Each structure stands twice: as C-alpha cells, then as structure tokens.
Q: 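Take a look at this one; I'll ask things after.
Only a predicted model underlies this, so the values are computations on that prediction, with no experimental measurement involved.
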Amino acid sequence: MNGVRERLASRAFTSVAVVIAVLWTTPTLGLLLSSFRPEEEIKTTGWWTLFGTPHLTLDNYGEVLSGGGNGSGRLAESFVNSVVITLPSVLFPLVLAFFAAYALAWIDFRGRDALVVGIFALQVVPLQMALVPLLKLFSQGWLFLPAWNLTGPARFGQIWFAHTVFALPFAVFLLHNFLAGLPRDLIEAARVDGASHGTLLLRIVLPLARPALVSFAVIQFIWVWNDLLVALTLSGGSAETAPMTVRLASLAGTYGNEWQRLTAGAFVAACVPLLVFFSLRRHFARGLLAGSVKG
C-alpha cells in the first residue's frame with residue numbers, strides 16, 4: 001500500500017495528473033471565454049483568438065436571461081423551474097432513504113438481507129425503460145392507482161415522483177453502507193439508556209451520517225439539474241414547466257446558428273452545480289470515503 005502511494009505521489013504521476021486536468025478544463029475555459037465574445041466573432045473565429053484581439057461583451061448574457069433579440073432566451077424562468085424541480089427531487093429521496101437505511105441497518109426483521117440485495121439489484125434498471133410505463137401510469141392509471149392527468153405547474157409532481165423513485169435504490173444502498181458501519185457500542189449504549197428509534201435517528205445517527213447525506217445530495221442535485229430526458233418527457237415541454245436543460249436544447253436555434261446564446265446559457269446552467277460541489281466538496285469526499293476502511 002505504501003509503495004502504491006509513493007508511486008502516485010511521484011513527479012511522473014503528478015505531471016500526468018496536471019496534463020489531464022488541463023485537458024479536462026480547457027473546453028470549460030473555452031466555453032467561458034466564448035460566452036463573453038460578440039456574436040460575429042464566435043461564428044467566424046475560435047475562442048483562443050480572444051487573447052490576441054480581446055473584444056468582450058455582456059450582451060449574450062442579457063439576451064439569454066431576459067429573452068432579448070428573438071425572444072428565445074428567458075433563461076431566468078427556466079432557472080426557477082430547475083430550482084423547483086431539483087430541490088424536492090433531492091429532499092424526497094434523501095429523507096425516505098435515510099429512514100429506510102436506518103431500518104435496514106439497525107432493526108432486525110425477517111427478510112432484511114433479501115431486501116437489501118433486492119434494493120441493490122434495482123440499481124441496474126435504467127430509467128429509460130420506465131418512462132413509457134410512467135407515462136401510462138400518469139395518463140391512464142394502473143390497477144387500483146388512478147390516472148394523474150396533471151396539467152400546468154402540477155406536472156412538477158410527475159418529475160419529482162420519477163426522480164425520487166429512481167434515486168431511492170442508490171440512496172438506500174449508499175446510506176445503508178454508511179449507517180451499518182457506525183460503532184455498534186454507541187448504538188447499544190443509547191438503547192440501554194432508553195433511547196427510542198426516533199431519538200437515535202435525530203440525536204445520534206443524523207449528526208454522524210451528515211457526510212453521507214451530503215454526498216448523496218450533491219450527486220442527486222447534479223444529476224437532476226443536468227437531466228434532460230425526464231424533464232422533457234414528463235414536464236410536457238411547456239415554458240411554464242421546462243427547466244434550463246430543455247431551454248438550452250433550443251438555444252442553438254432552428255438552424256443551429258445561435259452559438260452566442262448557447263455558450264452563455266450553458267455557462268449559466270453550469271455555475272449552480274459547480275457552486276454546490278465546491279461549497280460541499282469536503283463533506284462530499286468524507287461521505288464517499290467513510291466506511292471504506294475499517295478501524
């Protein structure tokens with residue numbers, strides 16, 4: 001193990017890591033610089049020419065956010081829709097998975113191990129396979145479940161339901177592995193002192209599980225924020241419910257020539273998940289690594 005660490009910390013591996021980081025971030029840098037370039041320069045020259053003849057403008061962001069020009073922007077409305085879609089789609093599976101993971105980790109009942117295996121197996125089911133059944137459920141109902149027949153902003157409920165259902169297997173699996181690794185002596189001591197399951201959850205388990213909860217929240221936030229398929233399929237594609245990803249898909253224009261809007265809009269959409277990740281990166285790393293090493 002020490003030999004592997006020494007090789008990874010060597011100058012050669014460090015140089016390779018720096019090269020990979022530069023290559024990985026170069027497109028993002030180009031996107032950022034292009035978003036500040038005038039329309040005619042974006043369509044005729046590469047973003048690297050900005051260093052020789054720097055011409056900067058904020059018109060692209062103004063058009064995208066306020067819907068200037070031909071009105072294909074108005075990304076501010078879609079930004080609000082993305083927030084409305086993303087926050088509940090993170091909170092619902094986070095809360096449900098936390099309770100389920102605690103029960104699977106610390107409550108003995110018949111069939112618990114089989115249930116854990118079944119939840120793990122559900123992770124292999126791709127979301128795309130369930131879109132048609134979900135649409136049928138929402139429009140026609142199924143068995144004893146009535147049709148939803150939602151319209152307008154009520155369609156957000158369909159998106160929340162889909163993201164929650166498909167996030168639960170991974171969330172339960174991640175949180176269960178973390179909670180099962182908590183010190184058993186601590187839990188047993190609290191039980192001896194008369195602590196109920198509610199007290200254990202709120203007073204002991206919840207503070208200790210914060211890194212794992214943050215890790216899942218960050219992953220789910222980025223996934224939902226960048227989702228296009230579910231939002232486009234279940235929101236109906238209308239302006240009142242369309243998130244930023246749906247609006248960005250149309251920013252290139254009918255003939256794919258609105259690059260100045262696309263670059264500005266893409267960077268506006270990328271700022272939020274980047275901000276969330278970098279503000280919580282310390283908890284995110286702790287949550288992913290916690291429980292991976294015993295002792």
Side-chain angles (χ1 to χ4, degrees), residues 1-9 86-127 130 160-225 273 275-295:
M1 190 66 180
N2 292 332
V4 174
R5 290 181 179 178
E6 292 178 359
R7 277 182 284 179
L8 290 177
T86 304
L87 292 183
S89 297
V90 173
L91 292 177
F92 291 160
L94 188 66
V95 174
L96 294 175
F98 178 64
F99 287 112
Y102 173 82
L104 293 172
W106 294 104
I107 299 179
D108 293 327
F109 57 90
R110 182 178 299 178
R112 183 181 65 173
D113 294 338
L115 186 57
V116 172
V117 174
I119 291 174
F120 175 75
L122 285 175
Q123 297 183 71
V124 304
V125 179
L127 183 148
W160 298 338
F161 180 83
H163 282 304
T164 299
V165 168
F166 280 93
L168 277 176
F170 173 71
V172 173
F173 176 73
L174 176 67
L175 296 178
H176 170 266
N177 289 345
F178 183 89
L179 297 185
L182 294 178
R184 181 168 294 274
D185 294 342
L186 178 63
I187 304 298
E188 295 297 336
R191 287 176 176 174
V192 171
D193 291 339
S196 62
H197 287 299
T199 303
L200 284 172
L201 274 171
L202 298 178
R203 300 286 183 86
I204 298 178
V205 177
L206 181 59
L208 294 175
R210 185 178 302 171
L213 294 173
V214 171
S215 297
F216 170 75
V218 171
I219 294 173
Q220 179 70 355
F221 185 95
I222 296 175
W223 171 263
V224 177
W225 185 271
L275 180 63
V276 170
F277 175 78
F278 284 114
S279 61
L280 300 174
R281 67 185 184 279
R282 182 175 302 177
H283 297 285
F284 179 77
R286 287 177 56 195
L288 291 183
L289 294 176
S292 59
V293 180
K294 295 292 184 180

Q: Would you name the heavy atoms of Phe166 and Pro126 that are closest together and state the gap between them?
A: CE2-O, 4.0 Å
Q: Just checking His197 against Tyr102, ring centres under 6.0 Å apart?
A: yes
Q: On a heavy-atom basis, which atom in Ala171 and which in Pro93 lie closest, and how many Å separate them?
A: CB-O, 4.3 Å
Q: Give me the atom names and distance for the closest heavy-atom approach of Val276 to Phe221.
A: CG2-CE2, 3.7 Å
Q: Would you call Leu94 and Gln220 a side-chain contact if the rule is heavy atoms closer than 4.5 Å?
A: no
Q: Quick one: do Leu200 and Trp106 satisfy side-chain contact (heavy atoms from CB on, under 4.5 Å)? Show the steps, please.
A: CA-CA 10 Å; Leu200 284 172; Trp106 294 104; over 6 Å; no
Q: Report the relative orientation of the aromatic rings in Trp160 and Phe92; use parallel for angles under 30°, tilted for 30 to 60°, perpendicular for over 60°.
A: perpendicular
Q: Measure from the side-chain N and O atoms of Trp223 to the backbone N and O of His163, and report whether any donor-acceptor pair falls under 3.5 Å.
A: no
Q: For residues 190-202, which residue pairs pass the salt bridge (Lys or Arg N to Asp or Glu O under 4.0 Å) check, not counting sequence neighbours?
A: Glu188-Arg191
Q: For Leu122 and Phe173: C-alpha separation, side-chain torsions, deciding distance, then whether side-chain contact (heavy atoms from CB on, under 4.5 Å) applies.
A: CA-CA 10 Å; Leu122 285 175; Phe173 176 73; over 6 Å; no
Q: Take Leu208 and Leu186, measure what side-chain contact (heavy atoms from CB on, under 4.5 Å) needs, and give me the verdict at the end.
A: CA-CA 11 Å; Leu208 294 175; Leu186 178 63; 3.7 Å; yes
Q: Could you work out, with side-chain hydrogen bond (donor to acceptor under 3.5 Å, both in side chains) as the rule, every residue matching Arg112, not counting sequence neighbours?
A: Asp108
Q: Write down the atom of Leu179, the atom of Ala209, and the distance for their closest heavy-atom approach.
A: CD2-CB, 3.7 Å
Q: Could you check whether any side-chain heavy atom of Phe178 comes within less than 4.5 Å of a side-chain heavy atom of Leu213, counting everything from C-beta outward?
A: no
Q: Using the side-chain contact (heavy atoms from CB on, under 4.5 Å) rule, take Leu87 and Trp225 through it: C-alpha gap first, then chi angles, then the decisive distance, then the call.
A: CA-CA 9 Å; Leu87 292 183; Trp225 185 271; over 6 Å; no
Q: Taking all non-hydrogen atoms of both residues into account, name the closest pair between Ala212 and Leu174 and its distance.
A: O-CD2, 4.2 Å
Q: Can you list everything that forms a side-chain hydrogen bond (donor to acceptor under 3.5 Å, both in side chains) with Thr199? Sequence neighbours excluded, please.
A: Ser196
